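Quick notes on the structure that follows.
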Amino acid sequence: EVSTFGTLVSASTFKSSGADYYAFYSRSMGFHQMDVYVIIDANGAIAKVDAKQFIFDEEYFGNFGGMDVGSYKAGFEGLTPETWTGDAAVIATATMTSNAMKQSTEDAFAAFNSIKGGAQ
């Protein structure tokens with residue numbers, strides 16, 4: 001049961017290799033509606049972040065130099081509410097997408113805290 005929602009559409013738990021994980025699906029507003037997935041381990045650290053699509057209508061943004069999606073997603077791994085500054089969400093020249101990723105991540109951390117009863 002989650003007492004905070006924000007951009008969250010769903011929250012679930014699962015086990016993998018004997019470890020507990022918490023999965024959050026968020027629909028935040030970037031340049032278009034974004035589908036963002038955040039997996040948090042039992043200690044409150046991000047295990048994985050992904051999105052259905054990071055950059056929309058790329059052909060209209062002449063200043064966008066592209067992005068290394070793998071490195072971008074890896075930049076979230078291991079972050080906790082205490083170490084999260086929002087900097088990992090930044091994509092150069094993609095302000096709206098960066099803000100959406102930041103909001104989705106913060107909502108996942110808030111929901112995780114709610115699930116854990118504020119223990120994290």
Side-chain angles (χ1 to χ4, degrees):
E1 188 171 313
V2 179
S3 64
T4 181
F5 295 98
T7 63
L8 291 183
V9 175
S10 71
S12 61
T13 60
F14 66 94
K15 281 190 180 290
S16 178
S17 300
D20 293 323
Y21 291 92
Y22 300 80
F24 302 97
Y25 168 42
S26 170
R27 296 204 70 197
S28 53
M29 196 61 191
F31 191 72
H32 293 290
Q33 184 112 18
M34 292 186 64
D35 297 295
V36 179
Y37 313 96
V38 180
I39 308 295
I40 299 176
D41 69 21
N43 296 316
I46 293 176
K48 183 173 180 157
V49 166
D50 205 350
K52 192 173 192 178
Q53 185 172 359
F54 288 100
I55 304 299
F56 298 88
D57 303 324
E58 186 174 333
E59 65 274 11
Y60 294 109
F61 299 98
N63 291 332
F64 182 68
M67 67 181 282
D68 180 341
V69 174
S71 292
Y72 179 75
K73 294 188 297 187
F76 286 83
E77 293 174 10
L79 294 173
T80 65
E82 295 76 31
T83 61
W84 170 252
T85 64
D87 291 345
V90 174
I91 301 171
T93 71
T95 304
M96 293 174 73
T97 298
S98 298
N99 290 341
M101 290 300 296
K102 181 179 178 191
Q103 187 63 58
S104 290
T105 303
E106 289 173 355
D107 288 350
F109 279 137
F112 176 79
N113 190 51
S114 171
I115 290 168
K116 297 296 274 185
Q120 297 295 317

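Here the structure is a predicted model, which is why all the values come from computation and not from measurement. Counting from 1, the numbers follow the sequence of the chain as shown.
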Show the atom names and distances, to 0.1 Å, of all donor-acceptor pairs under 3.5 Å that link a side chain in residues 10-23 to residues at least two apart or in another chain.
{"from": "K15", "atom 1": "NZ", "to": "D20", "atom 2": "OD1", "distance (Å)": "2.6"}

Could you note down all residue pairs passing ring-ring contact (aromatic ring centres under 6.0 Å, His included) where residues 34-53 supplies at least one of them, sequence neighbours left out? Y25-Y37
For a 4.5 angstrom cut-off between non-hydrogen side-chain atoms, does F109 reach E82? no
Test side-chain hydrogen bond (donor to acceptor under 3.5 Å, both in side chains) applied to T7 and S26, step by step: CA-CA 5 Å; T7 63; S26 170; 2.5 Å; yes
Using only heavy-atom distances, determine whether the side chains of T95 and S98 contain a donor-acceptor pair under 3.5 Å. no
Which pair of heavy atoms, one from A88 and one from L79, lies closest together, and at what distance? CB-CD1, 3.7 Å
Closest heavy-atom pair and its distance - S28, V36: OG-CG2, 4.0 Å
May I ask you to list the residues sharing a hydrophobic cluster with M29, side-chain cutoff 4.5 Å, ordered by chain and number? none
Using distance only, find each side-chain donor-acceptor pair of residues 44-53 under 3.5 Å and give its atom names and separation, not counting sequence neighbours.
{"from": "D50", "atom 1": "OD1", "to": "K73", "atom 2": "NZ", "distance (Å)": "3.4"}
{"from": "Q53", "atom 1": "NE2", "to": "I55", "atom 2": "O", "distance (Å)": "2.9"}

Mind jotting down which residue pairs meet the salt bridge (Lys or Arg N to Asp or Glu O under 4.0 Å) criterion with at least one end in residues 29-41? Sequence neighbours excluded, please. R27-D35
Has T83 got a side-chain atom pairing as donor or acceptor with T80's backbone, closer than 3.5 angstrom? yes
Say whether, by atom type as modelled, one donor and one acceptor occur between the side chain of S114 and the main chain of A110 under 3.5 angstrom. no
Same cluster or not: are I39 and W84 linked, directly or through other Ile, Leu, Val, Met, Phe, Trp or Tyr residues, by side-chain heavy atoms under 4.5 angstrom apart? no
Quick one: list whatever passes ring pair (Phe, Tyr, Trp, His ring centres under 6.0 Å) with F54, sequence neighbours left out. Y72
For the pair Q103 and N99, evaluate side-chain hydrogen bond (donor to acceptor under 3.5 Å, both in side chains) and give the outcome as yes or no after the intermediate values. CA-CA 6 Å; Q103 187 63 58; N99 290 341; over 6 Å; no
